[in-house]
Structures are given as C-alpha cells and as structure tokens.
Novice: 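This is the structure I have questions about; it appears just below.
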Amino acid sequence: MPEFSVVLRGYNRHQVDELVAQVEGTLGRGPLTGEPIDLKRFGWVEFDVMFRGYDRFEVDGAMRRYRRELAEKEGVELPAVENLDSGLSLVLGDPPGEAPRHYSVIEQIRREHAFPIRMRGYDRGQVDAIVARLWATLGRPAADGRAVTVEELGPAVTRHELNHLELTVVARGYDRREVDHALGLYLRELLDLQDETHR
C-alpha cells in the first residue's frame, strides 16, 4: 500500500485511502470489501482538496501507476504517451519512457499552481509543458534560485502562441477555468516583458 505525505493543502485522505484500498483489492494485493473497480470508473474519480491532505503530486504519481496496472489487467493498451509528463517530454525532446530532464521544475510548477483535477480537464502534461516554457521565457527562478532559461526549456513562448493555444481535454485533467486564469496572468507578464524589451 502506498504511503503519502500530509501537506497543508492536499487531497482528501479518506477519499484517497478508500480508492487505494479498492484498487489494491481489485489487483489482488489486499482484501476487497466492495465491488472491484474497472479502468473506466477509475478514470471518473476525483479527489477533493482539503486542509492537511495527502500530497497531490505523490497521489497523482500513484494513480498513474494504478491506471497502467488496471489497463494491463483488462488487456487494454494505453497510448504510448499517456502519462502526466508526456506533453513535457514531447516539447523538450526527452527520449520516450525517460523522466523529463527538468522534472524538478515541473514538480515546483505543480506545487505552486496546485490546479485541481477534474473528471474532464486540460491534459496535465500539456499544461505543465507550456507553463515550464513560460517560466523559461520569463526567467522565473527554479527551487535552487537559478533562473530557468529558454536554452534549457525553450523555445520561448510568444504572445501569438499563447493567444492561439489549444489544450486537449482529457479524463482527470486540470481544471480548465483555473488553467485559463493562470495562462491569462502569464500573458500579461509576457506583454509587460515585451514592452520592456522594446523600450
């Protein structure tokens, strides 16, 4: 059974524990108290965010692993890029199956924004990827205080790209309204940056 850190704002612990017990029982690694869960119903699950809940980043990682295991049990082949960091890997050119080169930056982005997960929302990998490139474009500092650069995470995001950005809507994606709001704020920062460069 996976163990998760408790943080100030995290997923509802009771909801997570309940789902973990159900999945572990379905996979034959623990007692099954109710009905087994299938891949389809697993994709519909949402967790509430509460005070002193489980670390969302850790839980999301466990849910990705469970999804793969349930798919294998049902004989379902998931798309090769179906994981939280697929969008980032595609943008940065990381080899398939390998962790993104700047995974710590993505972890930092996820902690800072803490976008809620919805039954239908924006693809998390795509959102993480565009925000990582925005941080590089804006010269935002990483956790170690060093600025994230476009040389590492580029190409730089342009106003045109951000204005015409189309994100895929998937099961268990980031809340669309909150992502749109955050990208709107980044667009303002981008415009301010461009104004300063042209002065």
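Computed from a predicted structure; not experimentally measured.
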Novice: Rounded to the nearest 0.5 Å, what separates atom CD in E112 from atom CH2 in W135?
Specialist: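 The distance works out to 4.0 Å.
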Novice: Before accepting this row, confirm whether a basic side-chain N of the pair R118/E178 lies closer than 4.0 Å to the acidic partner's carboxylate O.
Specialist: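 No, no charged N to carboxylate O under 4.0 Å.
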Novice: Run the side-chain contact (heavy atoms from CB on, under 4.5 Å) test on V179 and V131 for me, step by step, so that the C-alpha distance in whole Å, both residues' side-chain angles and the decisive distance to 0.1 Å come before the verdict.
Specialist: CA-CA 10 Å; V179 171; V131 174; over 6 Å; no
Novice: Do any N or O atoms from the side chain of Q15 and from the backbone of D48 form a donor-acceptor pair under 3.5 angstrom?
Specialist: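 Checking the backbone N and O of D48 against the side chain of Q15, a donor-acceptor pair under 3.5 Å is found.
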Novice: Do the side-chain N and O atoms of D123 and Y174 include a donor-acceptor pair separated by under 3.5 angstrom?
Specialist: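 Absent: no donor and acceptor within the cut-off.
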Novice: Test R120 against E46 for salt bridge (Lys or Arg N to Asp or Glu O under 4.0 Å), laying out the working first.
Specialist: CA-CA 10 Å; R120 300 288 295 167; E46 288 183 36; over 6 Å; no
Novice: Is any side-chain heavy atom of R176 closer than 4.5 Å to one of F115?
Specialist: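 No - every pair of side-chain heavy atoms lies 4.5 Å or more apart.
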Novice: Do L183 and L134 come within less than 4.5 Å of each other through their side chains, counting heavy atoms only?
Specialist: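 Yes, close enough: below the 4.5 Å cut-off.
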Novice: Tell me if a side-chain donor or acceptor on R172 pairs with a main-chain N or O of V45 at a distance below 3.5 Å.
Specialist: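 Such a contact is found between R172 side chain and V45 backbone.
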Novice: Taking R110 first and then D60, would you say they form a salt bridge - that is, a charged N and a carboxylate O separated by under 4.0 Å?
Specialist: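 Result for this pair is no, no salt bridge flagged.
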Novice: Is there a path of hydrophobic side-chain contacts, each under 4.5 Å between heavy atoms of I, L, V, M, F, W or Y residues, that connects W44 with Y122?
Specialist: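 Not linked; separate clusters.
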Novice: Say whether V49 and V59 are linked into one hydrophobic cluster, either directly or through other cluster members, by side-chain heavy-atom distances under 4.5 angstrom.
Specialist: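 Same cluster: V49 reaches V59 through Ile, Leu, Val, Met, Phe, Trp or Tyr contacts under 4.5 Å.
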Novice: Look at the side chain of R41 and the backbone N and O of P36, then say whether any donor-acceptor pair between them is shorter than 3.5 Å.
Specialist: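 Judged by distance alone, yes, a pair lies under 3.5 Å.
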Novice: To the nearest 0.5 Å, how far apart are OG1 in T137 and CD in E189?
Specialist: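 So the OG1 of T137 and the CD of E189 are separated by 11.0 Å.
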Novice: Show the nearest heavy-atom pair for residues G43 and A171, with the distance to one decimal.
Specialist: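 Scanning both residues, the minimum pair turns out to be O-CB, 4.1 Å.
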Novice: Is the number of heavy atoms from other residues, nucleotides or ligands within 6.0 Å of CZ (R177) greater than 12?
Specialist: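 Atom CZ in R177 is not crowded, with 12 or fewer foreign heavy atoms closer than 6.0 Å.
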Novice: Identify the heavy atoms of R159 and L187 that sit nearest to each other, and give their distance.
Specialist: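 Looking at all heavy atoms of both residues, the closest pair is CG-CD1, 3.9 Å.
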Novice: Identify the two heavy atoms, one from L162 and one from I130, that lie closest to each other, and give their separation to 0.1 Å.
Specialist: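 That would be CD1-CG1, 4.4 Å.
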Novice: For E161, is the CD atom crowded, meaning more than 12 foreign heavy atoms sit under 6.0 Å from it?
Specialist: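 Counting other residues, nucleotides and ligands, CD of E161 exceeds 12 neighbours.
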Novice: Honestly curious: do L70 and L32 fall in one hydrophobic cluster under the side-chain, below-4.5 Å linking rule?
Specialist: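 Shared cluster, no.
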Novice: Ring centroid separation for H113 and Y186, is it under 6.0 angstrom?
Specialist: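 Yes, the ring of H113 comes within the 6.0 Å limit of the ring of Y186, centre to centre.
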Novice: Please tell me if the side chains of V170 and R124 come closer than 4.5 Å, counting only heavy atoms from C-beta onward.
Specialist: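 SC-SC contact between V170 and R124 ruled out.
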Novice: I'd like to check L167 versus L165 (side-chain heavy atoms, cut-off strictly below 4.5 Å). Are they in contact?
Specialist: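 A side-chain contact exists here, since the closest heavy-atom pair is under 4.5 Å.
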Novice: Return the minimal non-hydrogen interatomic distance between E35 and Q22, and the atom names on each side.
Specialist: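 Taking every non-hydrogen atom into account, O-NE2, 3.1 Å.
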Novice: What about M119 and L19, same hydrophobic cluster or not, with Ile/Leu/Val/Met/Phe/Trp/Tyr joined at side-chain heavy-atom distances under 4.5 Å?
Specialist: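 As far as the 4.5 Å side-chain criterion goes, L19 and M119 are not connected within one cluster.
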Novice: Is there a path of hydrophobic side-chain contacts, each under 4.5 Å between heavy atoms of I, L, V, M, F, W or Y residues, that connects L27 with V16?
Specialist: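 Yes.
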Novice: Measure the spacing between CD of Q126 and CD of E166 and express it to the nearest 0.5 Å.
Specialist: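 Here the rounded value is 10.5 Å.
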Novice: Is the shortest side-chain N to carboxylate O distance from E18 to R13 below 4.0 Å?
Specialist: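 No, no charged N to carboxylate O under 4.0 Å.
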Novice: Side chain of R56, backbone of R9: donor and acceptor closer than 3.5 Å?
Specialist: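 Confirmed, R56 side chain pairs with R9 backbone.
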Novice: Looking at every non-hydrogen atom in both residues, tell me the closest pair between A156 and R133 and how far apart they are.
Specialist: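 What the structure gives for the nearest pair is O-NH2, 3.6 Å.
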Novice: Can you name the residues that form a side-chain hydrogen bond (donor to acceptor under 3.5 Å, both in side chains) with Y66, not counting sequence neighbours?
Specialist: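 Applying side-chain hydrogen bond (donor to acceptor under 3.5 Å, both in side chains) to Y66 gives E24.
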Novice: Side chains of Y11 and D55: is there a donor and an acceptor less than 3.5 Å apart?
Specialist: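 No donor-acceptor contact under 3.5 Å links the two side chains.
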Novice: Among I117, V20, V23, which residue meets the side-chain contact (heavy atoms from CB on, under 4.5 Å) test with M63?
Specialist: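 Among the candidates, only V20 passes.
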Novice: Quick one: CG on L8 to CZ on R52, what's the gap to the nearest 0.5 Å?
Specialist: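 Those atoms lie 8.0 Å apart.
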Novice: Please indicate whether E74 has more than 12 foreign heavy atoms, meaning atoms of other residues, nucleotides or ligands, lying under 6.0 Å from its CD.
Specialist: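 Buried by this count: over 12 neighbours within 6.0 Å.
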